[in-house]
2 protein chains.
Amino acid sequence: MGATKTDHFSDRQNEIAILAKAIGHPARIAILEFLIKSDACICGDIVNELPLAQPTVSQHLKELKNAGLIKGSIEGNAICYCIDEKNLEKIKNYFANISIKLEKKNNKCC
Amino acid sequence: MGATKTDHFSDRQNEIAILAKAIGHPARIAILEFLIKSDACICGDIVNELPLAQPTVSQHLKELKNAGLIKGSIEGNAICYCIDEKNLEKIKNYFANISIKLEKKNNKCC
DNA sequence: AATATTTATCGTAATATTGCAATATACAAT
DNA sequence: ATTGTATATTGCAATATTACGATAAATATT
């Protein structure tokens, strides 16, 4: 045992879980925020911005890419990463919907 | 090595990371959705709903509680868990703000 | 009091994540 | 072609997560 029982849950639940998990690390949040904040999709400056070694940053970038939260394109020598809006919208909408449902229920719990 | 370098990132980044990480597992998403959907909030019902053993569910509930996403109150013999709205609002707003920032930028990237 | 019910905790195995040094790869510039 | 620069991959150690059987703790019921 030890591995998540992915196939016992719905596709949607797994999809949101993958997105949330990818976001669930301060370094990856810092990367996302840096990409959102900076004007151009500045390429390699992410490594300089973070308090982590280059291989570690590269790994976090890979995870964000796998989750579909960023995309990278080759720009000569360097690689240009930027936000992949679609999945950020997806998770935004997920929480927005939860919020609406909670309001309707009035959360009259315990 | 192996532990997250928490203190190299901002409080806010760590806070959101903790919330996202707690949500980043399909079982915990299923728990949250069950609590949002159903009127009941008894722990035992959650255990029946999920395809996991009781100790595993208990552990997931504990993590959600630690992250401040649910709260539990003793109800006689049983324990009643329910959504703690405040932190769900917090993460909702976080993604809503990102979305607004991305719109303003027009994401004119690569 | 004895028993049943409900939830938490302990212990442990399997697996995953985090972080980095060393190294590889790929393009730039000389 | 050689050198420099930027990023990825490999390999590995440290730590964390996931899952569950066994058991404990706490209340309910008889």
Side-chain angles (χ1 to χ4, degrees), chain A residues 1-9 13-14 17-31 34-35 40-67 70-82 110, chain B residues 1-9 13-14 17-31 34-35 40-67 70-82 110:
Chain A
M1 311 133 207
T4 296
K5 285 184 150 186
T6 301
D7 44 322
H8 291 71
F9 301 97
Q13 285 168 340
N14 281 306
I18 286 170
L19 291 176
K21 192 178 183 183
I23 295 167
H25 190 289
R28 294 195 287 269
I29 288 184
I31 291 171
F34 181 71
L35 289 177
C41 52
I42 313 212
C43 311
D45 302 347
I46 302 170
V47 172
N48 295 329
E49 191 76 4
L50 293 196
L52 296 169
Q54 179 267 322
T56 309
V57 174
S58 185
Q59 200 175 285
H60 283 306
L61 287 167
K62 192 178 173 186
E63 272 166 69
L64 286 170
K65 213 167 88 182
N66 285 341
I70 63 174
K71 48 191 169 182
S73 57
I74 299 170
E75 195 93 350
N77 193 8
I79 287 180
C80 172
Y81 280 107
C82 56
C110 346
Chain B
M1 315 134 203
T4 297
K5 285 184 150 186
T6 301
D7 45 322
H8 291 71
F9 301 97
Q13 285 168 340
N14 281 307
I18 286 170
L19 291 176
K21 191 176 182 182
I23 296 168
H25 190 289
R28 294 195 287 269
I29 289 185
I31 291 172
F34 180 73
L35 289 177
C41 56
I42 301 296
C43 175
D45 295 342
I46 301 170
V47 171
N48 292 331
E49 188 75 4
L50 293 195
L52 296 168
Q54 179 267 322
T56 308
V57 174
S58 185
Q59 203 174 284
H60 283 306
L61 286 167
K62 192 179 173 185
E63 273 165 69
L64 286 170
K65 211 166 91 183
N66 285 342
I70 63 174
K71 48 192 170 182
S73 58
I74 299 169
E75 195 94 352
N77 193 8
I79 287 181
C80 171
Y81 282 108
C82 55
C110 349

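Each chain gets a letter, A, B and so on, in the order its sequence line appears, and its residues count up from 1.
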Show every donor-acceptor pair shorter than 3.5 Å between a side-chain atom in residues 20-30 of chain A and any protein atom, with sequence neighbours excluded, or say none if there are none.
| from | atom 1 | to | atom 2 | distance (Å) |
| --- | --- | --- | --- | --- |
| His25(A) | ND1 | Ala27(A) | N | 3.0 |
| His25(A) | NE2 | Thr4(B) | OG1 | 3.4 |
| Arg28(A) | NE | Ala22(A) | O | 2.6 |
| Arg28(A) | NH1 | His60(A) | ND1 | 2.9 |
| Arg28(A) | NH1 | Glu63(A) | OE1 | 2.9 |
| Arg28(A) | NH2 | Lys21(A) | O | 3.4 |

Quiz item: Which of these nucleotides, dC20(D), dA8(D), dC27(C), is closest to any side-chain atom of Asn77(A)?
Solution: dC27(C)
Quiz item: Does dA28(D) fall in syn (glycosidic angle within 90° of 0) or anti?
Solution: anti
Quiz item: Just checking Ile74(B): base, sugar-phosphate only, or nothing, at a heavy-atom cut-off of under 4.0 Å?
Solution: nothing
Quiz item: What nucleotide, of dG19(C), dT18(C), dA19(D), holds the atom closest to the side chain of Leu52(A)?
Solution: dG19(C)
Quiz item: Within this structure, what is the NE2-to-P distance between His8(A) and dA19(D), rounded to whole angstrom?
Solution: 10 Å
Practice problem: For DNA chain C, determine which residues of residues 17-26 of chain B have any heavy atom closer than 4.0 angstrom to one of its atoms, and list them numerically. | Solution: none
Exercise. Quick one: label Ile42(B) by what it contacts on the DNA or RNA (base, sugar-phosphate, nothing), any heavy atom closer than 4.0 Å.
Key: sugar-phosphate
Quiz item: Across the strands shown, which category fits Thr4(B) at heavy-atom distances under 4.0 angstrom: base, sugar-phosphate, nothing?
Solution: sugar-phosphate
Quiz item: Does dA8(C) have a Watson-Crick or wobble mate here (both distances under 3.5 Å), and if so which one?
Solution: dT23(D)
Practice problem: Record whether the side chain of Gln59(B) comes under 3.5 Å of the base of dA8(C) through a donor-acceptor pair of N or O atoms. | Solution: no
Practice problem: Determine, for cysteines Cys80(B) and Cys43(B), whether their SG atoms are under 2.5 angstrom apart. | Solution: no
Exercise. Give the rounded distance in Å between these two atoms: CD of Glu63(B) and C1' of dA19(D).
Key: 11 Å
Quiz item: Has the side chain of Asn48(B) got a donor or acceptor atom that lies under 3.5 Å from a matching backbone atom of Gly44(B)?
Solution: yes
Quiz item: Nearest of dC20(D), dA8(C), dT6(C) to any side-chain atom of Thr56(B)?
Solution: dC20(D)
Quiz item: Given atom CD1 of Ile79(A) and atom P of dA26(C), what is their separation to the nearest angstrom?
Solution: 11 Å
